Amino acid sequence: MKKYLVISLLCLLLNNLNLFSQNIIIKGKIQQPTSLIRLMTYNDMLTREQTTIYETKADENGNFVIKTEIDKITPAQIAIDLERVDIILKPSAEYEVEITIPERDENLSYFERQYPTMKMIKTDDNGLYYQYYKVEKIIDDFILDNFNQIYRRRQKSLLDSLDILVNKELGVIKYDFVKDYLLYRKANIQMAIDNDNAETVMSRYYDKHKILYTQSAYMSLFDEIFVNYLVNRQFEPSELMLNLRHGYDRFMSYVKSKDVFLSDNKELAELIVAWNMKRMYYEYPEERKFVLAILEGIKQNTKVKDNKNVVENILTQINRLSYGTDAPQFSLKNADGKMVSLSSFKDNMLLLQFVNKVSPMTDYQFQELNNISQYWPDMIKIITIATDDSFDDFKAMIEKNGYDWELLKLSDNMLLLEQYQIKTFPDYIIVMPQNKIGMAPAPAPDQYLDYHMKRIYSYTIKK
């Protein structure tokens with residue numbers, strides 16, 4: 001009897017676990033064989049901080065398979081090396097996708113380049129993917145076609161015509177996730193039409209409403225309305241700063257006493273304050289320790305797990321590559337094929353230079369770096385990190401000109417660019433002794449780089 005009960009309880013437990021953790025399978029095809037493939041889910045759609053939940057490599061034909069588990073409809077990205085495409089995932093669904101990454105145009109900057117695209121070949125997610133992206137396209141096209149009527153003439157009747165259009169194109173929407181996406185995209189249009197400082201939208205869509213942490217439309221509108229809330233409302237700047245300096249309890253009591261909306265929406269108020277603290281951290285450097293104290297206060301005192309997670313993500317982003325934090329470690333091969341680690345330079349101040357192509361710009365910047373190196377030979381060591389396809393060219397250039405610093409090969413350590421948040425080439429990072437971040441990113445050599453290196457070096461020596 002006891003054995004039967006144990007088996008029954010075990011079966012029940014396994015069944016319950018299945019309810020909360022269900023398999024998804026993504027079969028993909030890319031034109032870049034052996035690329036690193038990652039599936040990355042969003043921790044929340046406000047900070048958009050991500051967690052890698054699966055990692056694999058494409059085979060020699062560019063095929064890959066992802067098998068993992070999610071417990072709810074989840075916004076995610078598939079990363080191919082450093083390129084990414086968006087996807088909406090449903091528990092217990094299978095997907096077959098084809099991802100195309102455009103050829104790089106070296107004449108375009110990072111921000112002008114074409115982005116990868118994904119074609120959904122087939123899926124058994126009961127229409128979720130189709131309905132979500134169909135709604136997105138309908139709304140995007142609607143805004144483009146009616147731009148003047150929305151933003152200049154402010155025609156409220158347009159929202160009714162959008163509803164008719166969506167109903168005609170899609171019929172019944174099956175998922176609350178898609179309904180919420182449509183609702184908050186429409187709310188964004190309504191805010192532009194109303195022109196009442198978002199009062200109507202706040203009242204109708206946020207006041208005493210459930211917080212949708214994984215809904216991109218909800219959080220995009222949240223950011224637009226609330227990112228400057230503590231500045232644009234009835235908060236007098238000097239009074240705001242005074243209460244900020246008195247800690248979490250006093251500050252939260254102050255903002256709620258001054259604002260009925262915050263007082264009536266305790267959980268949302270925590271999120272609004274946290275998001276304003278992130279902005280204020282960068283806008284008011286002299287107040288940073290107080291800003292961090294408020295964020296820590298929300299983290300420690302909130303009763304809402306999702307609010308705590310958002311604050312933790314904000315703190316992660318604030319601390320990432322900030323002054324005095326640990327620099328991401330690496331071990332890369334130099335021109336002689338020997339492994340060189342960042343940890344080997346703990347006693348030195350470093351300038352990391354990331355490059356991907358020899359050009360007149362890099363020629364000029366190398367000359368400037370050489371001047372810096374010769375002027376301060378004992379002050380700083382320069383390390384150039386080159387991509388695979390440019391390594392031999394930079395090796396030849398360094399040997400030809402007699403530049404005396406380390407050249408390392410990025411090889412298949414592509415994620416190092418992500419860890420150092422390299423967006424353009426060349427890019428620079430100052431690393432202090434003990435492998436602590438000094439400045440990231442740092443300016444180019446012809447944009448007062450030497451001034452910042454000297455400033456950080458002097459401060460380091462004083463400490």
Side-chain angles (χ1 to χ4, degrees), residues 20-21 38-55 68-77 79 84 86 89 206 209-230 244 247-253 255-256 262 265-285 287-329 415 418-421 436-437 440:
F20 296 102
S21 185
R38 293 171 291 159
L39 181 63
M40 312 172 78
T41 56
Y42 289 97
N43 299 348
D44 68 83
M45 293 306 294
L46 181 57
T47 67
R48 301 183 72 85
E49 190 69 13
Q50 294 179 313
T51 298
T52 299
I53 64 171
Y54 193 89
E55 188 173 304
T68 189
E69 297 176 343
I70 58 173
D71 59 5
K72 58 187 175 184
I73 293 175
T74 302
Q77 286 189 323
R84 300 183 185 187
D86 292 312
L89 300 174
Y206 287 94
H209 277 64
K210 181 180 178 181
I211 302 175
L212 305 178
Y213 295 90
T214 61
Q215 178 54 254
S216 61
Y218 176 99
M219 285 303 181
S220 293
L221 186 57
F222 175 97
D223 177 55
E224 189 173 345
I225 295 173
F226 296 115
V227 68
N228 290 305
Y229 194 85
L230 300 186
L244 178 72
Y248 167 78
D249 290 330
R250 166 110 170 238
F251 187 75
M252 294 301 292
S253 296
V255 295
K256 289 177 183 178
L262 294 181
N265 293 273
K266 181 180 178 181
E267 295 177 4
L268 189 64
E270 291 178 342
L271 205 60
I272 292 170
V273 170
W275 200 233
N276 277 257
M277 290 301 103
K278 182 181 181 182
R279 174 187 55 77
M280 291 172 66
Y281 179 86
Y282 296 105
E283 292 183 4
Y284 303 96
E287 308 292 348
R288 283 182 175 176
K289 69 176 182 179
F290 303 110
V291 166
L292 292 175
I294 301 301
L295 287 169
E296 286 292 343
I298 297 173
K299 177 182 170 182
Q300 297 300 324
N301 290 277
T302 183
K303 301 293 192 298
V304 184
K305 182 181 178 181
D306 287 319
N307 278 359
K308 182 177 181 179
N309 290 338
V310 170
V311 172
E312 287 175 343
N313 291 329
I314 289 173
L315 290 170
T316 294
Q317 293 178 344
I318 283 174
N319 290 324
R320 183 177 289 131
L321 297 184
S322 63
Y323 179 87
T325 58
D326 291 332
Q329 292 292 320
L415 294 189
E418 193 170 273
Q419 292 166 1
Y420 276 101
Q421 298 186 346
K436 301 293 184 181
I437 293 293

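Keep in mind it's a predicted model, so treat the numbers as computed, not measured.
Note that CD of Q215 is 9.0 Å distant from OG of S220, once rounded to the nearest 0.5 Å. The CE atom of M252 lies 8.0 Å from the CD1 atom of I294; values are rounded to the nearest 0.5 Å. To the nearest 0.5 Å, the span separating CE on M40 from CG on D86 amounts to 11.5 Å. With values rounded to the nearest 0.5 angstrom, T41 atom OG1 is found 11.0 Å from E49 atom CD. For the atom pair CD (E270) and CG (N307), the distance works out to 5.0 Å, reported to the nearest 0.5 Å. The structure places NE2 of H209 at 11.0 Å from CG of L268, a figure rounded to the nearest 0.5 Å.
Heavy atoms only, all atoms of each residue included: S322 and N319 are closest at OG-O, 3.0 Å. In plain terms, the two heavy atoms of V255 and L230 that are nearest each other are CG1-CD2, 4.3 Å. In terms of heavy-atom proximity, S216 sits nearest to M45 at CB-CE, 3.6 Å. Considering every non-hydrogen atom in both R48 and Q317, the closest pair reads C-NE2, 4.5 Å.
A donor-acceptor pair under 3.5 Å is absent between the side-chain atoms of T302 and the main chain of I298, judged by distance alone. Remark: the backbone N or O of D44 is not paired with any side-chain donor or acceptor of N309 at under 3.5 angstrom. Side-chain N or O atoms of D223 include none that pairs as donor or acceptor with a backbone N or O of L46 at under 3.5 Å. Judged by distance alone, the side chain of N313 and the main-chain N or O of T47 form no donor-acceptor pair under 3.5 Å. Remark: the backbone N or O of V227 is paired with a side-chain donor or acceptor of R279 at under 3.5 angstrom. Checking side-chain atoms of Y420 against main-chain N and O of P328 turns up a donor-acceptor pair under 3.5 Å.
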Stepwise, does the side-chain contact (heavy atoms from CB on, under 4.5 Å) test hold for V291 with E283? CA-CA 11 Å; V291 166; E283 292 183 4; over 6 Å; no
Could you walk me through whether F290 and F251 pass the ring-ring contact (aromatic ring centres under 6.0 Å, His included) check? CA-CA 10 Å; F290 303 110; F251 187 75; over 10 Å; no
Please determine whether side-chain contact (heavy atoms from CB on, under 4.5 Å) holds for the pair K436 and D326, giving the CA-CA distance in whole Å, both sets of side-chain angles, and the decisive distance to 0.1 Å. CA-CA 5 Å; K436 301 293 184 181; D326 291 332; 2.4 Å; yes
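Using a 4.5 Å heavy-atom cutoff, the side chains of E287 and M280 are not in contact. M277 is listed as a side-chain neighbour of L244, based on a closest heavy-atom distance under 4.5 Å. Y248 is listed as a side-chain neighbour of N301, based on a closest heavy-atom distance under 4.5 Å. Counting only heavy atoms from C-beta outward, the side chains of L89 and L39 approach each other to under 4.5 Å. Between I225 and I272 the shortest side-chain heavy-atom distance does not fall below 4.5 Å. The closest side-chain heavy-atom distance from Y281 to I314 is not below 4.5 Å. Counting heavy atoms from C-beta on, the side chains of T74 and T214 never come closer than 4.5 Å.
Counting heavy atoms of neighbouring residues, nucleotides and ligands inside a 6.0 Å radius, atom NZ of K308 does not exceed 12 of them. For E267, the CD atom sits in a loose shell: 12 or fewer heavy atoms of surrounding residues, nucleotides or ligands are nearer than 6.0 Å.
The aromatic rings of F222 and Y218 sit parallel, their planes meeting at an angle under 30°, below the 60° perpendicular limit.
For the 3.5 Å distance criterion, the side chains of Q50 and R84 qualify, holding a donor opposite an acceptor. Side-chain contact, Y42 with Q77: a donor N or O sits under 3.5 Å from an acceptor N or O. Checked by atom type, the side-chain pair Y213/N43 shows no donor-acceptor distance below 3.5 Å.
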